[in-house]
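In what follows, a structure is listed as structure tokens, so that the remarks can point back to it.
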Amino acid sequence: MSSEQLKLENQLCFRLYTAARLVTGAYQPYFAQMGITYPQYLVLLVLWEQDKQPVCDIANRLLLDTNTVTPLLQRMEKAGLITRTRGKEDTRTRIVSLTAQGKALYEQAQHIPNCLRDIILKTNKEEDLIQMVPTLDKLIEGMKRKQ
């Protein structure tokens with residue numbers, strides 16, 4: 001009674017889910033040393049590029065809703081990684097800034113991007129890795145338009 005399209009091995013979504021879970025797992029030991037989670041790392045990446053950003057800008061950059069990002073930011077604030085202050089022009093806006101502790105993690109994180117690359121290159125060619133990025137970007141862009 002099973003259709004070919006409903007077999008697990010024919011599901012693109014399963015491959016993407018599994019890849020995402022395995023990537024997060026590969027990063028976990030590095031994040032544990034830093035005392036952060038993967039979502040916190042993503043927020044830090046955004047703030048390391050440009051500090052002092054509104055919550056909505058961070059959420060947009062991470063393709064998340066603000067009600068998803070806010071509890072994450074609250075935990076990061078309690079951990080001493082960021083501060084959240086009211087906007088000067090619009091007091092409803094919360095501006096997120098790195099603390100000295102959040103800025104210090106930048107140096108600790110320098111090696112993290114290469115750890116995944118090194119893991120992938122154990123079983124793949126560098127060209128495969130390079131070709132993966134634009135393909136994933138197209139997939140993400142297409143999915144963004146559907147929402």
Side-chain angles (χ1 to χ4, degrees), residues 1-84 87 92-99 101-147:
M1 189 109 187
S2 174
S3 171
E4 282 299 309
Q5 68 184 15
L6 291 179
K7 288 186 176 180
L8 183 63
E9 66 264 15
N10 294 332
Q11 301 300 307
L12 173 63
C13 60
F14 178 69
R15 285 177 175 79
L16 292 170
Y17 165 77
T18 302
R21 192 175 47 76
L22 292 171
V23 165
T24 303
Y27 279 141
Q28 183 52 38
Y30 304 102
F31 298 148
Q33 288 174 354
M34 296 170 64
I36 61 172
T37 63
Y38 182 71
Q40 290 172 341
Y41 174 69
L42 297 177
V43 169
L44 289 169
L45 288 172
V46 170
L47 292 171
W48 288 332
E49 284 182 34
Q50 181 184 333
D51 199 2
K52 297 177 176 47
Q53 292 193 51
V55 172
C56 62
D57 289 1
I58 294 169
N60 289 338
R61 190 79 195 279
L62 297 177
L63 304 178
L64 295 170
D65 293 327
T66 55
N67 61 354
T68 301
V69 172
T70 298
L72 173 62
L73 296 174
Q74 289 169 339
R75 288 189 297 276
M76 292 178 76
E77 189 171 34
K78 283 182 185 174
L81 302 174
I82 62 163
T83 59
R84 293 177 307 140
R92 295 172 297 174
T93 301
R94 293 290 202 161
I95 305 298
V96 181
S97 304
L98 290 165
T99 63
Q101 183 180 346
K103 290 176 184 176
L105 288 178
Y106 181 81
E107 292 305 318
Q108 285 183 263
Q110 291 296 311
H111 70 286
I112 291 177
N114 285 331
C115 81
L116 180 62
R117 182 180 176 280
D118 293 344
I119 291 169
I120 291 172
L121 289 180
K122 287 180 184 175
T123 57
N124 295 279
K125 298 178 195 154
E126 185 148 8
E127 303 86 57
D128 295 337
L129 182 60
I130 292 167
Q131 289 176 355
M132 225 183 287
V133 174
T135 301
L136 290 171
D137 286 345
K138 285 180 190 175
L139 175 69
I140 291 166
E141 191 58 39
M143 296 299 293
K144 283 185 346 189
R145 280 190 237 126
K146 296 288 182 196
Q147 295 180 353

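Index from 1, following the sequence. All values below come from the heavy atoms of this structure, side chains included, with hydrogens, waters and symmetry mates left out.
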So which atom in [X] and which in [Y] form the shortest heavy-atom distance, rounded to 0.1 Å?
X    : Y    : value
R84  : T70  : NH1-CG2, 4.3 Å
R15  : N10  : NH1-C, 4.2 Å
D51  : S97  : OD1-CA, 3.2 Å
P113 : A109 : CD-O, 3.5 Å

Summary of ring pair (Phe, Tyr, Trp, His ring centres under 6.0 Å) pairs that have at least one residue in residues 53-78, sequence neighbours excluded: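 Pairs touching residues 53-78 that pass the test: none.
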
Of all pairs that satisfy ring pair (Phe, Tyr, Trp, His ring centres under 6.0 Å), the ones with a partner from residues 41-61, not counting sequence neighbours: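 Those involving residues 41-61 are F31-Y41, W48-Y106.
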
Working to the nearest 0.5 Å, report the span between [atom1] of [X] and [atom2] of [Y].
X    : Y    : atom1 : atom2 : result
L139 : L12  : CG    : CG    : 6.5 Å
Q108 : M34  : CD    : CE    : 5.5 Å
D118 : H111 : CG    : NE2   : 10.5 Å
K52  : L98  : NZ    : CG    : 8.0 Å
M76  : Q101 : CE    : CD    : 10.0 Å
M143 : L63  : CE    : CG    : 11.5 Å

Would a 4.5 Å heavy-atom cut-off, applied to side chains only, mark [X] and [Y] as touching?
X   : Y   : value
V55 : R94 : yes
I58 : T66 : no
Y17 : Q11 : no
Q53 : V46 : yes

Is a side-chain donor or acceptor of [X] paired with a backbone partner of [Y] at a separation under 3.5 angstrom?
X   : Y   : value
Q40 : L72 : no
N60 : C56 : yes
T18 : F14 : yes
T99 : G80 : yes

So for atom CD, which belongs to Q5, do other residues, nucleotides or ligands contribute more than 12 heavy atoms lying within a distance under 6.0 Å?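 Atom CD in Q5 is not crowded, with 12 or fewer foreign heavy atoms closer than 6.0 Å.
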
Could you give me the CA-CA distance, side-chain angles and deciding distance for V96 and T83, then say whether side-chain contact (heavy atoms from CB on, under 4.5 Å) is met? CA-CA 6 Å; V96 181; T83 59; over 6 Å; no

Would you mind checking if K144 and E141 are paired as a salt bridge, meaning a charged N to carboxylate O distance below 4.0 Å?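 K144 and E141: salt-bridged.
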
